[in-house]
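To start, the structure itself, in structure tokens.
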Amino acid sequence: MKLPGSTGSCRFAGFTVCSFTCSRRCVQTYTMAHRDGIVKAKTRRSKRFLQSREPKLVEGQKSSMIIRGGNTSETVSQALKDVYALKKPNAVLYKRKNMVRPFDDSTALEFFSKKSDCSLFLFGSHNKKRPNNLVFGRMFDFHVLDMFELGIERFVSLRDVKTDTCPEGTKPMLVFSGELFETDREHQRLRNLLTDFFCGPRVSAVRLAGLEHVLHFTALEGKIYMRSYKVLLKKSGCRTPRIQLQDMGPSFDLVMRRSHMASDDLYRTAHKKPRGAKPKKKKNISHDAFGTRLGRLHMQKQDLDKLQTRKMKGLRKRRGGQTAETPATKAPRTDE
């Protein structure tokens, strides 16, 4: 059995394994029986592995695979390492060379995505026709959804900037500037892809001290400038601190070369949410412009004659149907 991107042979049953798989994963892969196109586990370990790959109502954090091409330059290799440093721990770095051409044949990328369970990828390569090449892309159902090829014209590495970096796993703040990100269709899809790639973990709330990293993307004159800053909170003499940005690296000056975008139907299918994940609509509840929650109650028609009011002695009925407001006239007394 030949697998895409294979470079060696396995010591188990004579199978050929790819460059990034180890002997454990190889054993895990071939302890599953294929019957009528359905993969059935033979061991408990492989059963747990298949259960972890099953579709879930709420998917976990997306992982990224950073792949090195068959021929790369020092600039591309260092760029891949720096992006991996920003993406850790939700990323996998392939250090060996892989003869992959994403725009010609994406079979190997889809195979790598299925093995490593990654839906995002960054591929780096270098040749005479397209020097210092980076390809950002993402998968849907382990098939390439869209990808963009960007060329590096200027690069400043993390090691070239002698400043402190952010802790591993920090959620960055993304800023997109430029009219092209609002008007051009390719740049709009690229902005969506970069947001998906660098957004970090999904959280419900972030404390002020956790806002430490800023990624700024600018589209200007056909180029895309990526800058990375560290947020410094300085004393301001009041409760709100003074914000100062410090260049942290890496920095890229990129130019767009090729693109592969999914069709509108496939793009809508990829964004479709299952019924169980959609929040249930609550009747008679609305929100105003300020976010105040408003509710509407439906009641039956009330009989105001039977409405219980506050009891007062002055309004209490007395014997004979007389009240305190209309006292009864006393009959004249006659002596017989």
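FYI, side chains are in, hydrogens and waters are out, and symmetry mates aren't considered; it's all heavy atoms of this structure. Remember, it's a predicted structure, so these values are computed and weren't measured experimentally.
- With no hydrogens or angles considered, a side-chain donor-acceptor pair links S73 and N132 at under 3.5 Å.
- A continuous path of hydrophobic side-chain contacts links F148 to L134 [ILVMFWY only; heavy atoms under 4.5 Å].
- In the displayed structure, R258 atom CZ is contacted under 6.0 Å by more than 12 heavy atoms of other residues, nucleotides or ligands.
- F197 is connected to M261 through a chain of hydrophobic side-chain contacts under 4.5 Å among Ile, Leu, Val, Met, Phe, Trp and Tyr, so both are in one cluster.
- Considering CG of D247 and NZ of K230, their distance stands at 12.5 Å, rounded to 0.5 Å.
- We find the CE-CG distance between M147 and L193 to be 11.0 Å, quoted to the nearest 0.5 Å.
- No side-chain donor from either of S263 and D265 sits under 3.5 Å from a side-chain acceptor of the other.
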* Test side-chain contact (heavy atoms from CB on, under 4.5 Å) applied to L122 and Y84, step by step -> CA-CA 10 Å; L122 173 61; Y84 173 67; over 6 Å; no

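- Here CG of N98 is found 9.0 Å from CG of L109. Values are rounded to the nearest 0.5 Å.
- For S77 (side chain) and E74 (main-chain N/O), no donor-acceptor pair under 3.5 Å exists by modelled atom type.
- When hydrophobic clusters are built by joining Ile, Leu, Val, Met, Phe, Trp and Tyr residues whose side-chain heavy atoms come closer than 4.5 Å, directly or via intermediates, V206 is grouped together with V175.
- In this structure, K115 forms no cation-pi arrangement with F142, as its terminal cationic atom is not both closer than 6.0 Å to the ring centre and no more than 45° off the ring axis.
- Side-chain atoms of Q246 and Q244, non-hydrogen and from C-beta on, never get closer than 4.5 Å to each other.
- Put simply, the side chain of N284 does not reach to within 4.5 Å of the side chain of L297, judged on heavy atoms.
- Scanning all heavy atoms of the two residues, the minimum distance from I224 to M256 falls at CD1-CE, 4.3 Å.
- In this structure, V76 and N133 have side chains that are not in contact, with every pair of non-hydrogen atoms separated by 4.5 Å or more.
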* To do: Decide side-chain contact (heavy atoms from CB on, under 4.5 Å) for V92 and F112; before the verdict, give the C-alpha distance in whole Å, the side-chain angles of both, and the deciding distance to 0.1 Å.
  => CA-CA 11 Å; V92 180; F112 292 159; over 6 Å; no

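- Put simply, F103 and L150 are part of two different groups of oily side chains (I, L, V, M, F, W, Y) that touch within less than 4.5 Å, one to the next.
- Residues L145 and A270 approach most closely at CD2-CB, 4.1 Å, considering heavy atoms.
- Within the 4.5 Å cutoff, the side chain of V144 has no heavy atoms near those of the P102 side chain.
- For residues 162-179, the set of pairs meeting the side-chain hydrogen bond (donor to acceptor under 3.5 Å, both in side chains) definition, not counting sequence neighbours, comprises S177-H216.
- For the pair T43 (side chain) and S46 (backbone), a donor-acceptor distance under 3.5 Å is present.
- Contact detail for G70 and K97: the closest heavy-atom pair is O-CD, 3.2 Å.
- Side-chain contact check for L245 versus L232: every heavy-atom pair is 4.5 Å or farther apart.
- Nearest approach of A79 to I152, heavy atoms of both residues: CB-CD1, 4.2 Å.
- Taking a 6.0 Å sphere around CZ of R101, one finds it holds 12 or fewer heavy atoms contributed by other residues, nucleotides or ligands.
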* To do: Show your reasoning for whether side-chain contact (heavy atoms from CB on, under 4.5 Å) applies to M173 and V231.
  => CA-CA 10 Å; M173 295 177 286; V231 178; 3.8 Å; yes

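- Summarising the geometry, atom OG belonging to S64 is positioned 3.5 Å from atom NZ belonging to K87; distances are rounded to the nearest 0.5 Å.
- For the pair S113 (side chain) and C118 (backbone), a donor-acceptor distance under 3.5 Å is present.
- Judged purely by distance below 3.5 Å, without hydrogens or angles, the side chains of Q188 and N192 never pair a donor atom with an acceptor atom.
- When all heavy atoms are compared, the tightest approach of V100 to A108 is CG2-CB, 4.0 Å.
- Ring-plane geometry between F198 and F136 is classed as tilted, the angle between the planes lying from 30 to 60 degrees on a 0 to 90 degree scale.
- Distance OH/Y94 to CE/M65: 6.0 Å, rounded to 0.5 Å.
- Remark: the backbone N or O of H143 is not paired with any side-chain donor or acceptor of D141 at under 3.5 angstrom.
- Salt bridge status for R257 with E149: absent, with no side-chain N to carboxylate O gap under 4.0 Å.
- Within the structure, ring pair (Phe, Tyr, Trp, His ring centres under 6.0 Å) pairs that include any residue of residues 113-133 do not occur (at least two apart or interchain).
- Between D264 and R185 there is a salt bridge, since at least one side-chain N of the basic residue sits less than 4.0 Å from a carboxylate O of the acidic one.
- With hydrophobic clusters built from ILVMFWY side chains whose heavy atoms lie under 4.5 angstrom apart, L190 shares a cluster with V83.
- Residues T195 and F176 have side chains in contact (heavy-atom distance under 4.5 Å, counting atoms from C-beta outward).
- The structure places CG of L120 at 10.5 Å from CG of L194, a figure rounded to the nearest 0.5 Å.
- Checked options R191, R189, K62; the residue passing with D196 is K62 (criterion: salt bridge (charged side-chain N to carboxylate O under 4.0 Å, His left out)).
- The shortest heavy-atom contact between G169 and P89 is CA-CD, 4.1 Å.
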Side-chain donor/acceptor pairs under 3.5 Å, residues 248-255, sequence neighbours excluded:
from	atom 1	to	atom 2	distance (Å)
D253	OD1	R227	NH1	3.1
D253	OD1	R227	NH2	2.9

